[in-house]
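A quick note: this is a predicted structure, and the numbers were derived from the prediction, not measured.
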Amino acid sequence: MDVAGRLVPNARTGVAQLATGIDLAYLEVGPADGKPLLLIHGLTDNIRSWSLAMAELHRLDPALRIFAVDLRGHGGSSMPDARQCARAPEQGFTLARHAADILAFMDLHGLATVDLAGHSLGSFIVQEIALEHPARVSHAILVATAASSVGNVALTDAILKEPVEGAWKRKLEAEGKKYPDDFYALTPTDADPNVADWLAQYWVVDPTADPDFLKPYLPETARVKLGTWIGATKALLAQDNGERLKRLSVPTLILWATQDSIYLKSDQDAIIAALTVAAAKGNARLYWKEYGAAPLPASGAQETDIGHNIQWAAGAMVAADIDAFIKTGQPTADLVRSASASQVGKLVVEPGKAEVIHLGH
């Protein structure tokens, strides 16, 4: 929390004791009477994920009241009660429970409606709130999203099967631990003392992001409880909003990058198709915008352009698009991409060159 706070000038930190039983850590910047914008991070992440974009949003409009929260079981927030969830962790991390936390947080701060932005897992939480409580959401921004996570290969094979239910599970079971009950309060470090190496190679990795921005993530992610790794991943893998999104009534912007290795181009085709139906039903403010230019390589991994963690690398452009959308109803038309395959970390902006689809047009 303290490090993230230093990344956002004049930010304040706090912990909200919610009616849901969760103590939710958060970062806040801007005046108490400002237009509220709430930022929600992704799986095993924390408020650091949004810190760069949050600082830029505050610079663009100091009148905004901006919050970034640590989801239940992430960062500085508390875990769901082990007595109720340790045997089946996914029960404590359903999208409905995450949404209830956000709504309780809003109630505690007297926020009737907010602009909501979410990344990855956070984008599904935004979907949940926008679909079930549309009156509470002025604008929805979905970063690195999809209509469904059911059967998602990256989440299934690269997280759940291995290492969570692979090497980590074998190590802890060999020590007499019962899965998943006894894993709930343990951390990846308990399963692998060298887990930072795995995280740096496969999970906390982005060739377009500043390496200094990523370094603190390694110990932070290694401290995320295994109950969260298991429960939040399984709950996300159970989520399919393909049909529900056809009735989305909230103005919504999707931001997606060409080398997203978790939610692929096929996922974008599916969510665009669902929202096209919503547009035909009268939601005229639905936009999809592409970041990056180079497609996902044959390896299936992000290598030469912007990928899944868009706001880690292109926080300024993400902030500009959010600011434009909540003020004008549409994103900027500017494209941000890596300069070249040999200069992946150098981003260039091409004014007016982005692919932007207005689904309500």
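Of the possible polar contacts, none joining the R285 side chain to the L253 backbone as a donor-acceptor pair under 3.5 Å is found. Put simply, the side chain of S340 gets close to the backbone of Q343: a donor and an acceptor are under 3.5 Å apart. Under the 3.5 Å distance criterion, the side-chain polar atoms of Y291 are left unmatched by any main-chain donor or acceptor of A354. At least one donor-acceptor pair under 3.5 Å links the side chain of D305 to the backbone N or O of A294. A side-chain donor-acceptor contact under 3.5 Å links S77 to the backbone of D70. Here the side chain of S78 pairs a donor or acceptor atom with the backbone of D23 at under 3.5 angstrom. Looking at D190, its side chain does come within 3.5 Å of a backbone N or O of T187 through a donor-acceptor pair. One N or O on the side chain of N283 and one on the backbone of V250 form a donor-acceptor pair closer than 3.5 Å.
Tested against L226 for a side chain to side chain contact (heavy atoms under 4.5 Å, CB included), the candidates P188, P180, P89 yield a single pass: P188. With R65 as the partner, the side chain to side chain contact (heavy atoms under 4.5 Å, CB included) test is satisfied by one option alone out of L111, V29, L37: L111. Partner of N241 under the side-chain hydrogen bond (donor to acceptor under 3.5 Å, both in side chains) criterion, out of E128, Q127, K246: Q127 alone.
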Stepwise side chain to side chain contact (heavy atoms under 4.5 Å, CB included) test for F93 and T228: CA-CA 8 Å; F93 290 90; T228 299; 3.5 Å; yes
Check against side chain to side chain contact (heavy atoms under 4.5 Å, CB included), E355 and W288: CA-CA 8 Å; E355 180 179 2; W288 181 93; 4.0 Å; yes
Intermediate values then yes/no, side chain to side chain contact (heavy atoms under 4.5 Å, CB included), N152 and I262: CA-CA 8 Å; N152 184 277; I262 296 180; 3.9 Å; yes
Chi angles and distances behind the side chain to side chain contact (heavy atoms under 4.5 Å, CB included) call for I230, V164: CA-CA 7 Å; I230 298 165; V164 174; 3.7 Å; yes
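Taking a cutoff of 4.0 Å between a charged side-chain nitrogen and a carboxylate oxygen, D321 and K289 qualify as a salt bridge. Under a 4.0 Å N-O distance rule, the pair K327/D61 qualifies as a salt bridge. The existence of a salt bridge linking D323 and R59 is excluded, since no basic side-chain nitrogen approaches an acidic carboxylate oxygen closer than 4.0 Å. Using a 4.0 Å cut-off between charged side-chain N and carboxylate O, K234 and E165 make a salt bridge. Ion pairing between K169 and E173 holds under the 4.0 Å rule for side-chain N and carboxylate O. The pair K35-D115 counts as a salt bridge, with a side-chain nitrogen and a carboxylate oxygen less than 4.0 angstrom apart. Taking the charged nitrogens against the carboxylate oxygens, D101 and R97 have no contact shorter than 4.0 Å, which rules out a salt bridge.
Heavy atoms only, all atoms of each residue included: A63 and P31 are closest at O-CG, 3.5 Å. Nearest heavy atoms, G92 versus C85: CA-SG, 3.5 Å. In terms of heavy-atom proximity, T233 sits nearest to L155 at CG2-O, 4.0 Å. Heavy-atom minimum distance, L43 versus A232: CD1-CB, 3.5 Å. In terms of heavy-atom proximity, T44 sits nearest to T221 at OG1-CG2, 3.8 Å. For E350 against R337, the heavy-atom pair with the smallest separation is OE2-NE, 2.6 Å.
Proximity of H358 to L286: side-chain heavy atoms (C-beta onward) are nowhere separated by under 4.5 Å. Looking at I66 and E28, their side chains never come closer than 4.5 Å, going by heavy atoms from C-beta outward. Contact annotation: the side chain of V143 approaches that of Q311 to within less than 4.5 Å [non-hydrogen atoms, C-beta and beyond]. No side-chain heavy atom of D182 sits under 4.5 Å from any side-chain heavy atom of L172. Counting heavy atoms from C-beta outward, F213 and S51 have side chains that approach closer than 4.5 Å. Taking 4.5 Å as the limit, some side-chain heavy atom of L186 sits within range of a side-chain heavy atom of K177. Looking at D45 and Y217, their side chains come closer than 4.5 Å, going by heavy atoms from C-beta outward. Looking at S120 and Y263, their side chains come closer than 4.5 Å, going by heavy atoms from C-beta outward.
Under a hydrophobic-cluster definition in which Ile, Leu, Val, Met, Phe, Trp and Tyr are linked whenever side-chain heavy atoms come within less than 4.5 Å, directly or via other members, Y179 and V224 are assigned to the same cluster. Neither L121 nor V205 shares a network with the other; the hydrophobic side chains, linked directly or stepwise wherever heavy atoms of I, L, V, M, F, W or Y lie under 4.5 Å apart, form separate groups for each. Both V126 and I129 are members of a single hydrophobic cluster when ILVMFWY side chains are connected at heavy-atom separations under 4.5 Å. I141 and L64 fall within the same hydrophobic cluster, where Ile, Leu, Val, Met, Phe, Trp and Tyr residues are linked whenever their side-chain heavy atoms come under 4.5 Å apart, directly or through other members. In the hydrophobic cluster analysis, where Ile, Leu, Val, Met, Phe, Trp and Tyr join through side-chain heavy atoms closer than 4.5 angstrom, L108 is grouped together with V69.
Rounded to the nearest 0.5 angstrom, S49 OG and M54 CE are separated by 12.0 Å. With values rounded to the nearest 0.5 angstrom, L103 atom CG is found 10.0 Å from T20 atom OG1. Note that CD1 of I102 and CG of L18 are 8.5 Å apart. Values are rounded to the nearest 0.5 Å. Separation of atoms NE2 (H119) and CZ (F124) is listed at 11.5 Å; rounding is to 0.5 Å. With rounding to the nearest 0.5 angstrom, the CG atom of D260 is 8.0 Å from the CG atom of N309. Distance check, rounded to the nearest 0.5 Å: CD1 of I357 to CD1 of I254 gives 9.5 Å.
Aromatic pair W229/Y184: ring centres not closer than 6.0 Å.
Below 30°, between 30° and 60°, or above 60°: for W198 and W203 the angle between ring planes is below 30°, a parallel geometry. Between F105 and H109, the angle of the ring planes lies from 30° to 60°, which puts this pair in the tilted group.
The ring-ring contact (aromatic ring centres under 6.0 Å, His included) contacts involving residues 28-57 comprise H41-H74, where partners must be two or more places apart or lie in separate chains. The side-chain hydrogen bond (donor to acceptor under 3.5 Å, both in side chains) contacts involving residues 247-256 comprise E132-R247, where partners must be two or more places apart or lie in separate chains.
Residues E303 and S299 bring a donor and an acceptor atom of their side chains to less than 3.5 Å of each other. For S266 and D269, the side-chain atoms include no donor-acceptor pair closer than 3.5 Å. Inspection of the T258 and E290 side chains reveals no N or O donor paired with an N or O acceptor under 3.5 Å. A donor-acceptor contact closer than 3.5 angstrom links the side chains of T304 and Q259.
The hydrophobic cluster around L296 extends to L264, counting ILVMFWY residues whose side-chain heavy atoms fall within less than 4.5 Å of a member.
Other residues, nucleotides and ligands contribute at most 12 non-hydrogen atoms within 6.0 Å of the CD atom of Q17.
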